Protein chains: 2
Amino acid sequence: MAGPRWLDDHQQRAWRGHLAMTAQLQAQLGRRLQADAGLSFADFDVLVALSERDGPLRVQELADGLQWEKSRLSHHLARMQKRGLVERQDCPDDARGAFIVLSADGRRAIEQAAPAHVEAVRSLVFDGLDDRQVEAWAAISDEVLARVERDRAVGS
Amino acid sequence: MAGPRWLDDHQQRAWRGHLAMTAQLQAQLGRRLQADAGLSFADFDVLVALSERDGPLRVQELADGLQWEKSRLSHHLARMQKRGLVERQDCPDDARGAFIVLSADGRRAIEQAAPAHVEAVRSLVFDGLDDRQVEAWAAISDEVLARVERDRAVGS
DNA sequence: TGCTACTCGTTGACGTGTCATCGAACAGGG
DNA sequence: CCCTGTTCGATGACACGTCAACGAGTAGCA
């Protein structure tokens, strides 16, 4: 069972803690969002991205901003459109392309969902952490993200 | 757009960093696992749980250990059984129940996959963090996890 | 024994994510 | 203008996760 370079006890503990925490936190935030506003976590991310840069957005731009694969976004937008959360407009510059805009319902949904979601993030996460921990957390995430992206670039 | 109790800049930065990091890290580890051993992240978790407590395991025990919903586990075990990674035995004590055991292929798969996976976790995560950061990370995860579980208990 | 209530694990329906692939449209060089 | 290669976004097939519901078995109690 012992390969070379196993994890030491502290690393093991941190890693298992991270896995458990992310899974449970994600699930709980998702459940709340669903109960409060009928939105999934993914819906929320799309709506936030659309409302931040208000106005039509190309599918590819949206995918870049969300760091989603284009096919995932295409499927998701189709479902959201069917529910009336977003609308498509065709793109005069490029006949292949499509613009995505928030519908009135979509805007209503995000504006209604956001306060409760932010409050949930605050109460589940930040109310338990002091400033030093928040800084440390950001630094850790940045470091790991940088490594993952380097690795992704190499592997491709 | 300004509800009561928004996130401050540091919190915002930490939160977005966390979301991006977890998404990318999970995806990258999953891709590697898939490429190296033909396993998904979920397969890996199940196989680890089965190999840690060597021998037959009741479905519910497995679900508790993994913190998975029983239906998710049932679906997943069906797929893994179809691929020959696990086997079922019936349970003499309780005719409703089922025992799950690692198959020979399953054991081979986990033993082959584990070293590369651990090495990936090390190189993507822990090689970039010092001891103090690892401790801080574990403390943060524990604190958030405790809050989520309290919240989950209340809400139900 | 017979009744009720509960637990075990499975199932079906449905939303979601990934991969490979597609047709259509663009871009640039002959 | 045509040809070639690329990009845009959509699609089909399939793996995955959740919810509600189910049948079968168990436990408690009269």
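Sequence lines set the chain letters: A, B, ... in the order given, protein chains first and strands last, and positions in each chain run from 1. These figures come from a predicted structure and were not determined experimentally. Atoms considered below: every heavy atom in the structure, side chains included; atoms not considered: hydrogens, waters and symmetry mates.
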Subject >> Main-chain N/O of B:Asp8 paired with B:Gln11 side-chain donor or acceptor, under 3.5 Å >> reply: yes
**OP:** Please answer whether the main-chain N or O of A:Val144 pairs with a side-chain N or O of B:Gln24 as donor and acceptor at a distance below 3.5 Å.
**Re:** no
d([atom1], [X]; [atom2], [N]) in whole Å:
X       : N      : atom1 : atom2 : answer
A:Gln89 : D:dG9  : CD    : C1'   : 16 Å
A:Phe41 : D:dT18 : CZ    : C1'   : 17 Å
A:Gln67 : C:dG17 : CD    : P     : 15 Å
B:Leu57 : C:dC8  : CG    : P     : 14 Å
B:Met80 : D:dC16 : CE    : C1'   : 13 Å
A:Leu73 : D:dT11 : CG    : C1'   : 14 Å
A:His76 : C:dC19 : NE2   : P     : 18 Å
A:Glu69 : D:dC14 : CD    : P     : 19 Å

**OP:** Starting from the 5' end of DNA chain C, give me the residue, A:Trp68 or A:Asp94, whose nearest nucleotide shows up first.
**Re:** A:Trp68
Original post:
When the nearest nucleotide of DNA chain C is assigned to A:Ala95 and to A:Arg72 on a heavy-atom basis, which residue is associated with the more 5' position?
Top reply: A:Arg72
**OP:** Would you mind reporting whether B:Asp43 and B:Met80 have side-chain heavy atoms less than 4.5 Å apart?
**Re:** yes
What nucleic acid atoms does [X] come within less than 4.0 Å of, heavy atoms only: base, sugar-phosphate, or nothing?
X       : value
A:Arg58 : sugar-phosphate
B:Arg83 : nothing
B:His75 : base

Looking at the side chain of [X], which of [options] is the nearest nucleotide?
X       : options                : value
B:Gln60 : D:dC8, C:dC8, C:dT18   : C:dC8
A:Arg79 : C:dG17, C:dC19, C:dA25 : C:dG17
B:Ser71 : C:dG15, D:dC19, C:dG9  : D:dC19
B:Ser74 : C:dT10, D:dT26, C:dA25 : C:dT10
A:Arg96 : D:dC16, D:dT7, C:dT16  : D:dT7

Original post:
Should the pair B:His18 and A:Trp137 be assigned to parallel (<30°), tilted (30 to 60°) or perpendicular (>60°) ring geometry?
Top reply: tilted
Original post:
Quick one: which of B:Ile110, B:Val46, B:Leu77, B:Leu39 gives a side-chain contact (heavy atoms from CB on, under 4.5 Å) with B:Leu85?
Top reply: B:Leu39
